[in-house]
Engineer: 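Quick one: the structure is below, and I'll ask about it shortly.
Chain A is the first sequence line, chain B the second, and so forth, proteins listed ahead of strands; every chain is numbered from 1. As the structure is a computational prediction, the values presented were derived from the model and not from experiment.
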Number of protein chains: 2
Amino acid sequence: MHRNPDPRGTRAHEETHGHPVDGDAVESRARSYAVSKGVPFTPMRQSVLALLAASGKPMSAYEIAEKVSDARKLKAVQVYRALEFLQEAGCVHRLASRSAYFACDHLHGEGETVVFMVCAQCGAVQEAASELVARGLRGAAKTTGFRPRHPMIEVEGECAECAGTPER
Amino acid sequence: MHRNPDPRGTRAHEETHGHPVDGDAVESRARSYAVSKGVPFTPMRQSVLALLAASGKPMSAYEIAEKVSDARKLKAVQVYRALEFLQEAGCVHRLASRSAYFACDHLHGEGETVVFMVCAQCGAVQEAASELVARGLRGAAKTTGFRPRHPMIEVEGECAECAGTPER
DNA sequence: ATTGTGTTGTTACAACATTACACCCAGGAT
DNA sequence: ATCCTGGGTGTAATGTTGTAACAACACAAT
């Protein structure tokens, strides 16, 4: 579980193309959710979401705790609490393959099957909903009588930019 | 070596239906791999694989360390080393959604897209290869220029048996 | 004012995974 | 026989990820 943040060392293009998500959009969705649940959208939640949105890449909870530090030093447990809220709100997803969290400005419909594509080089995540994948999963399940509830699809590979810049 | 201890008692279904894996088949595959790599198939590796095959369900490394104890008490790190070998050999897979490991007697072709279906109730894992899912993933990738390398698909749900026996 | 609900700060701990190093042991070369 | 070497093993220490538990606080509704 220890993802090496940069397993190859020396990358030429580094902080670059993990293109940020729309921070305002994602925050307003979080606010709506907060209202709908009758709970506050606190500064704590706001900071964590803002950091994730600005970064545009998955970060571990501990990484978030370090980087948020606008003066105060956050403890991991506080970050986890914020992340829990943000995941419920649908603004943040967890990447199980990396134990990392990232902001997402898409609004996923209920029961939609979403594919996370994670670049092995730069860490950026792209999402896509696929009805074809959903059908495939239903098919796979049917042959064994399995009742699918909660699919988790994470594909490691190379994003267009990293594939285009093969190496250096 | 040999079949499971087979703890089938009077119990309704408890430890039971995580049944799968052919221990002999999976061990012989591990042996072939060891030969091909010029490394030994040690008792350590054998015990870990045998335990996983007999259990037929995913177990954490620490759980394995506890249960293997045929006299000796294994440390987690030793289990991880065995698991590393067994995963390379393709006999064991890791479930990221549970940080757990399980034996698998299917021989997955290179580039095959395999779906792991994990029962939320009993923990049993079923596998299925799906060309439809594979096509869906390729499609999702194509729209963004992403180059998929290593998909990871885990679906949580209920297996046929647990769905049939609604509650505890 | 009191009560209730929810957030925060803090400590402690549980669960998962790796690094480092010394030792052993087999096989081949000297 | 001896040395060398490459893996495997045993052990300790540590790193990483995630929760539990509890006191203190904020704020709104009674």
Engineer: With a 3.5 Å distance limit and no angle check, can you tell me whether A:Lys67 reaches the backbone of A:Leu51 through a side-chain donor-acceptor pair?
Structural biologist: no

Engineer: Output the rounded distance in Å from CD (A:Glu66) to P (D:dG15).
Structural biologist: 13 Å

Engineer: Measure centre to centre between the rings of B:Phe41 and B:Tyr33, then say whether the value is under 6.0 Å.
Structural biologist: no

Engineer: For B:Leu74 and D:dT11, give me the distance from atom CG to atom P, rounded to whole Å.
Structural biologist: 10 Å

Engineer: What nucleotide among D:dG8, C:dG9, D:dT17 has an atom nearest to a side-chain atom of A:Ser99?
Structural biologist: D:dT17

Engineer: Separation of B:Gln46 atom CD from D:dG8 atom P, in whole Å?
Structural biologist: 16 Å

Engineer: Indicate, yes or no, whether a donor-acceptor pair under 3.5 Å links the base of C:dG6 to the side chain of A:Arg81.
Structural biologist: no

Engineer: Quick check on the hydrophobic clustering: are B:Val26 and B:Val79 connected, directly or via other members, by side-chain heavy-atom contacts under 4.5 Å?
Structural biologist: yes

Engineer: Can you work out whether B:Val39 or B:Val77 has the more 5'-proximal nearest nucleotide on DNA chain D?
Structural biologist: B:Val39

Engineer: Send over the distance from B:Met44 CE to C:dC25 C1', rounded to a whole Å.
Structural biologist: 17 Å

Engineer: Is there aromatic stacking of A:Tyr62 against D:dT17, centre distance under 5.5 Å, plane angle under 30°?
Structural biologist: yes

Engineer: In whole angstroms, how far is the C1' atom of C:dT8 from the CD atom of A:Glu84?
Structural biologist: 14 Å

Engineer: Which nucleotide sits closest to the side chain of A:Arg45: C:dA17, C:dT7, D:dT9?
Structural biologist: C:dT7

Engineer: How long is the line joining OH of B:Tyr101 and C1' of C:dA15, in whole Å?
Structural biologist: 12 Å

Engineer: Could you check how far CG of A:Leu83 sits from P of C:dT7, rounded to whole Å?
Structural biologist: 14 Å

Engineer: Of all the choices, D:dA12, D:dG10, C:dT10, which nucleotide is nearest to the side chain of B:Lys75 once you look at every atom?
Structural biologist: D:dA12

Engineer: For the pair made of CD in B:Gln78 and P in D:dA13, what is the distance, rounded to whole Å?
Structural biologist: 16 Å

Engineer: Within less than 4.0 Å of OP1 or OP2 of C:dT7, is there a side-chain N or O belonging to A:Tyr80?
Structural biologist: no

Engineer: Determine whether more than 12 heavy atoms belonging to other residues, nucleotides or ligands lie under 6.0 Å from atom CZ of A:Arg147.
Structural biologist: no

Engineer: Going by the angle between their ring planes, with limits at 30° and 60°, are B:Phe102 and B:Phe116 parallel, tilted or perpendicular?
Structural biologist: perpendicular

Engineer: Within less than 4.0 Å of OP1 or OP2 of D:dG8, is there a side-chain N or O belonging to B:Thr42?
Structural biologist: no

